[in-house]
Enquirer: 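Below is one structure. I have some questions about it.
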2 protein chains.
Amino acid sequence: MGVETSLWQRSRQAAYDEITSIAMGLFLDQGFEQTTIDQIASTAGISRRSFFRYFGTKEDIVLGDLASQGELVRAALEEVPSTVGPWEALREALHAVDALAIDPDVTMKIATMMYGTPSLRSRSIEKHLHWQTLLMPDIRRRLGIAEDDLADPAPGAIVASAIACLDAAGEVWVRGGGRDDLATLYDRAVSAVRGRS
Amino acid sequence: MGVETSLWQRSRQAAYDEITSIAMGLFLDQGFEQTTIDQIASTAGISRRSFFRYFGTKEDIVLGDLASQGELVRAALEEVPSTVGPWEALREALHAVDALAIDPDVTMKIATMMYGTPSLRSRSIEKHLHWQTLLMPDIRRRLGIAEDDLADPAPGAIVASAIACLDAAGEVWVRGGGRDDLATLYDRAVSAVRGRS
DNA sequence: TGCCTCATTGACACTCGGTGCCAGTTTGGC
DNA sequence: GCCAAACTGGCACCGAGTGTCAATGAGGCA
């Protein structure tokens, strides 16, 4: 019962958004590692301690959405009819993320920063690992493997490979300055992996 | 000129090995995150500061070898005749790592720790990412792609997928308590990814 | 044997990310 | 207008990692 988004939740969200945008500005301006949390907090006008009530880690400012995006991909994946094969289904599902790219210029800057900052890169991999666990059950189902059969490496391997393809495509996309289309690069990566020309 | 392994280098190596073994003992005993560097240092009878002259990070104690193993795999990969396709060649090359497993019991414990400790897991993935850059040139050659053509996501995708398969296989191997053969699991993962049966 | 040199070492101080705790303040509900 | 619950800021604290510097110890050389 009651409204889902209480007044409190909304103002909290507003603060969250503002901190994010301020921090992002600092990151893009002077680099991720060169920006300290004290700086972010004081710029945002909050205490250092309060910052950690909004974000668990510094990396979460950049990657915070990634966790929820994982849920999004999972939802999209389960929308795909169960007759569709794993690869095709994953292709569909991963397109859900694609739809979020708002400003391509900013996206490019963030992506460049991510590929160039070790701690960010490693955290993003961790998040992708989490995607893997989210998507695996569905793929396992598509392969006709029992829910509780954890002895088959196939589902994990397929999901991990698909994500690896996305990653490889992303890297080329960044290196190319965003000239190519990410979806096209992804398809090319997948067909290379699967052997089909 | 002169002997490669000076007396000094050798004693340093001995100290390195001893610290590693002491730290590993503590890790396996009380967990990675529960073990502090101060504890390692004092147990090993060195100062905290000296510890960081042997290891850049805490994770490097566990994963230090992984970097050099990457070189090993690269060397093994380049041994494989250039007529052999990328997947088969990678299969051969990755077996080079397999040969290092000395004590299967200890290997199992370390692997379990690695898959169960977030920071270790992400660091190990980072190292694997480094493998990727090492192995890509050879695979690019095998695919008949020009050295300077970086616009094709294929080589990176294939290498990353192969490593992802190894990772997925490793996870299942650990979960299964080492009952299955890692090489077999890897093969199964790869064939699942490539669509063959 | 004694000296010179240079790498290694330990100690101290410091930065930065992250957490636990507590007391004060704001906010929503009644 | 009051009460309880949640938010806030400040403080102390921990652990990882780095810079600096003085002391020490071993090897080379006369």
Side-chain angles (χ1 to χ4, degrees), chain A residues 1-20 22-24 26-27 30-64 67 113 117-124 126-127, chain B residues 1-20 22-23 26-27 30-64 117-124 126:
Chain A
M1 356 204 146
V3 195
E4 289 296 343
T5 56
S6 71
L7 198 87
W8 217 333
Q9 292 293 327
R10 271 191 292 144
S11 69
R12 183 184 168 84
Q13 181 64 37
Y16 184 95
D17 291 343
E18 194 184 328
I19 297 170
T20 303
I22 286 174
M24 276 300 185
L26 290 170
F27 289 160
Q30 57 187 42
F32 181 80
E33 287 170 325
Q34 280 65 47
T35 306
T36 86
I37 290 182
D38 286 287
Q39 195 180 359
I40 298 169
S42 69
T43 307
I46 57 171
S47 75
R48 172 189 159 67
R49 193 65 188 83
S50 280
F51 170 87
F52 283 110
R53 293 199 177 93
Y54 287 93
F55 301 92
T57 70
K58 194 173 155 189
E59 286 81 14
D60 279 357
I61 304 172
V62 184
L63 304 172
M113 184 172 77
T117 309
S119 77
L120 269 178
R121 186 107 161 89
S122 118
R123 284 275 186 180
S124 94
E126 263 184 276
K127 300 272 179 179
Chain B
M1 328 214 173
V3 196
E4 289 295 344
T5 56
S6 71
L7 198 84
W8 219 333
Q9 292 292 327
R10 270 189 293 144
S11 67
R12 181 184 170 84
Q13 181 64 38
Y16 184 95
D17 291 342
E18 195 185 328
I19 298 170
T20 302
I22 287 174
L26 290 170
F27 290 160
Q30 55 186 43
F32 181 80
E33 286 169 326
Q34 280 65 46
T35 305
T36 147
I37 290 182
D38 286 285
Q39 196 180 358
I40 298 170
S42 69
T43 306
I46 58 172
S47 76
R48 172 189 160 65
R49 193 64 186 85
S50 280
F51 170 87
F52 284 109
R53 293 198 177 93
Y54 287 93
F55 301 93
T57 70
K58 197 174 153 188
E59 285 82 12
D60 278 358
I61 303 173
V62 184
L63 304 172
T117 309
S119 77
L120 269 178
R121 185 108 158 93
S122 80
R123 285 271 188 182
S124 94
E126 260 184 283

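Reminder, nothing fancy here: chain letters follow the sequence lines and each chain counts from 1.
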Enquirer: What residues from residues 35-44 of chain B pass a heavy-atom cutoff of under 4.0 Å to DNA chain C?
Expert: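 Within this stretch, nothing sits under 4.0 Å of the strand.
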Enquirer: Using whole Å, report how far CZ of B:R12 lies from P of C:dT9.
Expert: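 Going from B:R12 (CZ) to C:dT9 (P), I get 7 Å.
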Enquirer: Select base, sugar-phosphate, or nothing to describe what B:F51 touches, counting heavy atoms under 4.0 Å on all strands.
Expert: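 The answer is nothing, as B:F51 stays clear of every strand by at least 4.0 Å.
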Enquirer: What integer distance in Å separates A:E59:CD from C:dG17:C1'?
Expert: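 My rounded result for the distance is 9 Å.
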Enquirer: Starting at CD of B:Q34 and ending at C1' of D:dA16, how long is that distance when rounded to a whole Å?
Expert: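 Rounding to the nearest Å, CD of B:Q34 and C1' of D:dA16 are 15 Å apart.
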Enquirer: Considering residues at least two apart in sequence or located in another chain, which fulfil the side chain to side chain contact (heavy atoms under 4.5 Å, CB included) criterion with B:T117?
Expert: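 So B:T117 forms a side chain to side chain contact (heavy atoms under 4.5 Å, CB included) with B:F32, B:E33, B:M113, B:S119, B:L120.
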Enquirer: Under the rule for side-chain hydrogen bond (donor to acceptor under 3.5 Å, both in side chains), what residues qualify as partners of A:S47, not counting sequence neighbours?
Expert: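 Testing A:S47 for side-chain hydrogen bond (donor to acceptor under 3.5 Å, both in side chains), a comparison that skips the adjacent residues, returns A:S50.
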Enquirer: For B:T36, check side-chain hydrogen bond (donor to acceptor under 3.5 Å, both in side chains) against everything at least two apart and list the hits.
Expert: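 Listed in chain order: nothing, the list is empty.
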Enquirer: In whole angstroms, how far is the P atom of C:dT19 from the CZ atom of A:F55?
Expert: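 Result: 14 Å.
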Enquirer: For C:dT9, does either OP1 or OP2 sit under 4.0 Å from a side-chain N or O belonging to B:Y54?
Expert: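 It does, given that an N or O in the side chain of B:Y54 lies less than 4.0 Å from OP1 or OP2 of C:dT9.
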Enquirer: For the side chain of A:S47, counting heavy atoms from C-beta on, which of C:dT8, D:dG9, C:dG18 is nearest?
Expert: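 Ranking C:dT8, D:dG9, C:dG18 by closest atom to the A:S47 side chain puts D:dG9 first.
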Enquirer: Nearest-Å distance, CZ (A:R48) to P (D:dA12)?
Expert: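 Atom-to-atom, A:R48 to D:dA12, this comes out as 14 Å.
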Enquirer: Nearest whole Å is fine: how far is D:dA16 C1' from B:D60 CG?
Expert: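 So the CG-C1' distance, B:D60 to D:dA16, works out to 13 Å.
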Enquirer: Of all the heavy-atom pairs spanning A:M24 and A:V62, show the shortest one and how long it is.
Expert: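 In this case the closest contact between A:M24 and A:V62 is CE-CA, 3.5 Å.
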Enquirer: Rounding to a whole Å, what distance do you find between B:L120:CG and D:dA16:C1'?
Expert: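 Computing the B:L120:CG to D:dA16:C1' distance gives 14 Å.
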Enquirer: Between B:A15 and A:F32, who's closer to the 5' end of DNA chain C by nearest nucleotide?
Expert: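 So the residue in question is B:A15.
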Enquirer: Take the protein atom CZ of A:R123 and the nucleotide atom C1' of C:dG17, then report the distance between them rounded to whole Å.
Expert: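 Checked: the CZ to C1' distance equals 10 Å.
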Enquirer: Residues two or more places apart in sequence or in another chain: which of them pass salt bridge (charged side-chain N to carboxylate O under 4.0 Å, His left out) with A:R53?
Expert: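 Listed in chain order: nothing, the list is empty.
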Enquirer: Tell me, please, which residues at least two apart from B:S124 pass side-chain hydrogen bond (donor to acceptor under 3.5 Å, both in side chains).
Expert: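 Here no residue qualifies.
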Enquirer: Return yes when atom CD of B:Q13 has more than 12 non-hydrogen atoms of other residues, nucleotides or ligands closer than 6.0 Å, and no otherwise.
Expert: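 Yes.
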Enquirer: Just the table, please: protein N/O against nucleotides 19-21 of chain D N/O, every pair under 3.5 Å.
Expert:
| from | atom 1 | to | atom 2 | distance (Å) |
| --- | --- | --- | --- | --- |
| D:dG19 | N7 | B:R49 | NE | 3.4 |
| D:dG19 | N7 | B:R49 | NH2 | 2.9 |
| D:dG19 | O6 | B:R49 | NE | 2.5 |

Enquirer: Residues in salt bridge (charged side-chain N to carboxylate O under 4.0 Å, His left out) with B:R123, at least two apart?
Expert: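 Testing B:R123 for salt bridge (charged side-chain N to carboxylate O under 4.0 Å, His left out), a comparison that skips the adjacent residues, returns B:E59.
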Enquirer: Return the nearest nucleotide to the side chain of A:I46; candidates are D:dG17, C:dG17, D:dG9.
Expert: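 Out of D:dG17, C:dG17, D:dG9, the nucleotide with an atom closest to A:I46's side chain is D:dG9.
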Enquirer: Excluding sequence neighbours, so at least two apart, what forms salt bridge (charged side-chain N to carboxylate O under 4.0 Å, His left out) with B:R49?
Expert: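 Residues passing salt bridge (charged side-chain N to carboxylate O under 4.0 Å, His left out) with B:R49: none at all.
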